Amino acid sequence: MPAPDTFSTARLVARRIELADDAFLTTMFRDPAVNATLGGPRDADAVAQLRDRMLDHWDRRGFGTWILHDRATGDPVGWVGLHETDTGGRGGVELLYAIAPARWREGLATEAGRGAVRIAQEMGLDELVCFTLVSNVASQRTMEGLGFTGSEPVEHAGVPHVLQRLALAGARQSQEVSERG
C-alpha cells in the first residue's frame with residue numbers, strides 16, 4: 001500500500017516533497033544548527049540532488065519525505081519521512097525528521113513523527129528504525145517519545161550514531177484486538 005501524498009496533524013500539514021521545495025531545503029541546509037546534526041552544509045546543487053533522490057524514492061517505493069507546513073500560517077517548518085536504509089545492518093525503513101531551529105522545542109518533530117508512524121502501520125510495515133548522532137540528545141528523546149527503543153551504536157556517514165527500533169507488527173495487532181474488543 002503506498003503512502004498518501006498528504007496528511008495532517010493538529011498543527012501541521014504534511015505534503016509530498018516537490019521541486020518547489022528547493023528554496024526551503026536550501027535554507028534549512030545552510031542553517032548551522034541544522035547542519036550540526038544533518039551532516040554539514042549543502043550548496044544548491046547538493047540540495048537539488050538530495051531532493052531528486054527523495055522524489056525518486058517516492059516513485060520507486062510509493063513513500064518518502066513530506067514537507068511540513070504550519071497549519072495556521074502555511075509556512076514550511078521542516079520535514080518528516082519514511083525512507084529505505086541499510087543503516088543498522090539489515091534493510092529497513094527509517095523514520096526521518098528535521099524541524100527549523102526557530103520552531104525547536106515545540107514538539108513538532110514528535111507530532112509529525114506520530115503521523116508518519118501511523119502511515120507506516122497502515123502500509124503494513126513491520127518495523128521502523130530511527131538514528132541520530134550520539135550527541136543529539138533532543139532527537140533521542142523524540143525517538144523515545146515515539147516509542148522507539150534500544151540504543152544500538154551504528155556508524156552512518158562515517159560518524160557514530162545511536163539507532164533505535166520501533167516494532168509495528170505488534171502495535172498493529174494490539175490495535176486490531178482493541179478495535180474488536
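Please read all numbers here as calculations on a predicted model, not as lab measurements.
The main-chain N or O of T65 is found under 3.5 Å from a side-chain atom of W58 such that the two form a donor-acceptor pair. Using modelled atom types, one side-chain atom of H57 and one backbone atom of E84 make a donor-acceptor pair closer than 3.5 Å. When atom types are taken as modelled, the side chain of Q140 and the backbone of V134 share a donor-acceptor pair closer than 3.5 angstrom. With W66 contributing its side chain and P4 its backbone, the two residues share a donor-acceptor pair below 3.5 Å. With hydrogens and angles disregarded, a donor-acceptor distance shorter than 3.5 Å links the side chain of D21 to the backbone of E18. In terms of modelled atom types and a separation under 3.5 Å, the side chain of W104 and the main chain of I99 share a donor-acceptor contact. A donor-acceptor pair under 3.5 Å is absent between the side-chain atoms of R11 and the main chain of H69, judged by distance alone.
Heavy atoms of other residues, nucleotides or ligands lying less than 6.0 angstrom from CZ of R105 number 12 at most.
Note on L82: it clusters hydrophobically with L55, by side-chain heavy-atom contacts below 4.5 Å among ILVMFWY residues. M143 and V129 end up in different hydrophobic clusters when Ile, Leu, Val, Met, Phe, Trp and Tyr side chains are linked at under 4.5 Å.
The side-chain heavy atoms of E127 and L168, taken from C-beta on, include no pair separated by under 4.5 Å. Proximity of L146 to T110: side-chain heavy atoms (C-beta onward) are separated by under 4.5 Å at one or more points. In this structure the side chain of V80 never reaches within 4.5 angstrom of the side chain of I67, judged on heavy atoms. Proximity of P153 to V162: side-chain heavy atoms (C-beta onward) are nowhere separated by under 4.5 Å. Contact of the L166 side chain with the V117 side chain is registered, since non-hydrogen atoms from C-beta on lie closer than 4.5 Å. Counting only heavy atoms from C-beta outward, the side chains of L50 and F29 approach each other to under 4.5 Å. I119 places a side-chain heavy atom less than 4.5 Å from the side chain of M123.
With ring centers used as reference points, F63 lies 6.0 Å or more from H83.
Look at D70 and R103 and you find a salt bridge, because one of the NZ, NE, NH1 or NH2 atoms lies within 4.0 Å of a carboxylate O, short of that distance. In summary, D59 and R53 do not engage in a salt bridge, as defined by a charged side-chain N under 4.0 Å from a carboxylate O. With respect to R141 and E144, no salt bridge is recorded, no charged nitrogen being found less than 4.0 Å from a carboxylate O.
With hydrogens and angles left out, the side-chain atoms of S139 and Y97 include a donor and acceptor closer than 3.5 Å. Using modelled atom types, one finds no donor on one side chain facing an acceptor on the other under 3.5 Å when comparing T149 with Q164.
The distance from the CG atom of L12 to the CZ atom of R114 is 12.0 Å, given to the nearest 0.5 Å. For the atom pair CZ of F131 and CG of L95, the computed distance is 10.5 Å after rounding to the nearest 0.5 Å. Note that OG1 of T85 and CG of L128 are 11.5 Å apart. Values are rounded to the nearest 0.5 Å.
Here the rule is side-chain hydrogen bond (donor to acceptor under 3.5 Å, both in side chains) with T87, and of E152, E155, H156, H161 only H156 fits it. Of the residues listed (E111, R118, R71), the one engaging T9 in a side-chain hydrogen bond (donor to acceptor under 3.5 Å, both in side chains) is E111, and it is the only one.
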Point to revise | Steps toward salt bridge (charged side-chain N to carboxylate O under 4.0 Å, His left out) verdict (D22, R51) | key: CA-CA 7 Å; D22 282 5; R51 183 246 312 129; 2.7 Å; yes

Review point. What's the verdict on side chain to side chain contact (heavy atoms under 4.5 Å, CB included) for F7 and R15, showing C-alpha distance, side-chain angles and the deciding distance?
Key: CA-CA 7 Å; F7 71 91; R15 177 193 36 78; over 6 Å; no

Practice item. Could you walk me through whether F148 and L163 pass the side chain to side chain contact (heavy atoms under 4.5 Å, CB included) test, one step at a time? Key: CA-CA 9 Å; F148 285 81; L163 181 136; over 6 Å; no

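Taking all atoms of both residues into account, the shortest heavy-atom contact from T26 to V47 is OG1-CG1, 3.6 Å.
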